[in-house]
Amino acid sequence: MEEMNQKQSPKRPAQKRARQNSNAQGGQSRRAHGENKTPKAQSSKKTAGGEQPKAAKAPRAPRAARGEAPRRQPRQNNNQPRLTAPAQAPRLPRRRQSAPIYDEPAIPMHICPLGGLGEVGKNITLYECQGDMILVDCGLVFPDEEMFGVDLVIPDFTYVLENKDRIKGLFITHGHEDHIGSLPYLLKKFNVPIYTAKLTIGLIKNKLEEHGLASSAEFHEIRPRQKIRLGCFTVEPIHVNHSIPDALAFAIECPAGIVLHTGDFKIDYTPLSGDAVTDLSTIAEYGRRGVLALLADSTNAERPGFTATEQTVAEGVRRLFHKAGNRRIIVATFASNIYRIQQIIELAMESGRKVAVNGRSMVSNTEMARELGYIRVPDNVLIDIEEVNKYPPEKVVLITTGSQGEPLSALSRMAQASHRTVKVGPSDFIIISARPIPGNEKTVTKVVNGLLTLGAEVIYENMYDTHVSGHACQEEQKLILTLAHPQYFLPVHGEFKQLKRHAETAEHLGYIPKNNIYIAENGQNIRISQDGLTVEGTVPSGAVMVDGYGVGDVGNVVLRDRHHLSEDGIIIVTVAVDGRTGQVVSGPELVSRGFVYVRESEELMDGARTQVEMALDRSLADNLHDWASVKARVREALSSYIYRRTKRSPMILPILMEV
């Protein structure tokens, strides 16, 4: 054992070797006094015969028995000599290798949908990262049947205006109303730079001219694969198919990661001439790089399979043109559906017909699209609406607005026989080349019934292949989810049932954990990063109603009053009262509107007048001169009487005139 220790021990300095060669008696004396010094091995220098002399050693007790700490284990590599290291500064303690290493938190971004969730339309989304903000889309939604007198519904821009100094720009996916319709109302308060494609700029300018804003707006034309740097954001437009040219998705890259915002899209493998297939390779490229979140169109999430190609409409409408024979053809479609307008013009030219366009938005959009080269038509084919009656029916095609039954549209006026130029009759063949937007079914049916009553033949909804959707169905949605392979998925653009179905489609694919699929709500402030997704409260959002020139002055109270008036009408009570004595000077006079016809309900109105007189007498007897309290008594007495007699509750408006 001692011999092995000698072989493993490295060479010592001379002083230490001298101490090791001390006599055994000195060593025994030290051990007797309890010292812990261990005899050192003799010098490793060899003699001439190759023998290494060994000093006689007394047996030693183990170190533990002597109360010493265990000896540090020697190096295992005996072949390398031990080198003396130079003096160094003291080192800090080394971290254990097994200790966990905590990374810095991932950089977050915030996504605030201000519209477009739980509804069809009013799309607008705000993105924020490291203090910089951008907006995507700025649309509107048309009022439903409960919004009496309301013209448009736009998003609440409160949060946008509060942060306008941080917003670097507004990106528009395409030119439909649900994505650009509320721009005039935003630009009146905040002239934000607009980044979008050429055709979309033209459509926006037409809209802004009506509000006197076209010259002051700041436009930046962008193209697919052209990257735009704004603050910490880098945005790349991606070409997608839709029912309008120049539709874009956006890849939004920032320090937090990459977000894909699809906008409205579908995948058309046989698009119309001049268009290209949705740029799947770019989406897949971002998927390989790693997509933090995907926000995708959910409009057709309930429909299985694939959306039909636009070529289907071309063949379907061609067959209908042959079916029309010698009758005049009237086609109603969206004014922004440039593809459809071009199809109809080409079919009219094939059949030797002239083309007229009708409706303010249809005329302006067609002229703009011709100037930009999106509609190609010879000058001798287009005629003015005033010249329609100069040609025989078999030589005319009329393209008009009103496919959604809008009350003031050209087609609605034709159905009511109130159009100034076009009189519909048995010699007309009418094609409604659009499906009703949810909520517009009744108005479309009303228009169709009016046209049929006038003797025209009407092709509408699914009778023939006159319309295909511009939105992706389930199989196309699966393809985008697979190519993008996002860490998080947020379905957008649709009612809750559509968002829910889109989320289920993503979950069934198995690529995205269920906890990483989130159905958001308008106004939520969503914090998202590589570490997770959380909702950090809400921001101002909601619906702002536009009635004529008034923006936001029609709220829930006004709508409730309008709803009340529409159901039960109003009774106005007018009384002149002496200001000093409280005596009735004249009246009460009762005026009814929307409640009963007074001449046929004189007994009821006489009883109502008596109830008002009794309420005024009680107020006078109680010496009540608070006119608000007097009005309340009159209202309560009259309301109770009318409900007992008619089971109706009209609005009652007392007016006391002090004389």
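We use all heavy atoms of the structure for the numbers below, so side chains are in, but hydrogens, waters and symmetry mates are not. We count residues from 1, following the sequence as given.
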Atom NZ of Lys423: over 12 foreign heavy atoms under 6.0 Å: yes

Ring centroid separation His220 to Tyr195 under 6.0 Å: yes

Arg360 atom CZ: more than 12 heavy-atom contacts under 6.0 Å: no

Short side-chain donor-acceptor distance under 3.5 Å, Asp137 and His179: yes

Distance-only polar pair, side chains of Thr282 and Arg225, donor-acceptor under 3.5 Å: yes

Pairwise distance CZ(Phe190) to CG(Leu135) - rounded to 0.5 angstrom: 7.5 Å

Side chain proximity check, Lys207 to Pro184, heavy atoms < 4.5 angstrom: yes

Exceeds 12 heavy-atom contacts within 6.0 angstrom, atom NZ of Lys188: yes

Thr309-Thr270 side chain donor-acceptor pair, cut-off 3.5 Å: yes

Centroid-centroid distance, His502 to His493, less than 6.0 Å: no

More than 12 heavy atoms from other groups under 6.0 Å of CG on Leu161: yes

Residue that, paired with Tyr460, satisfies side chain to side chain contact (heavy atoms under 4.5 Å, CB included) out of Ile430, Val448, Leu451: Val448

Residues, nucleotides or ligands: over 12 heavy atoms within 6.0 Å of Arg223 CZ: no

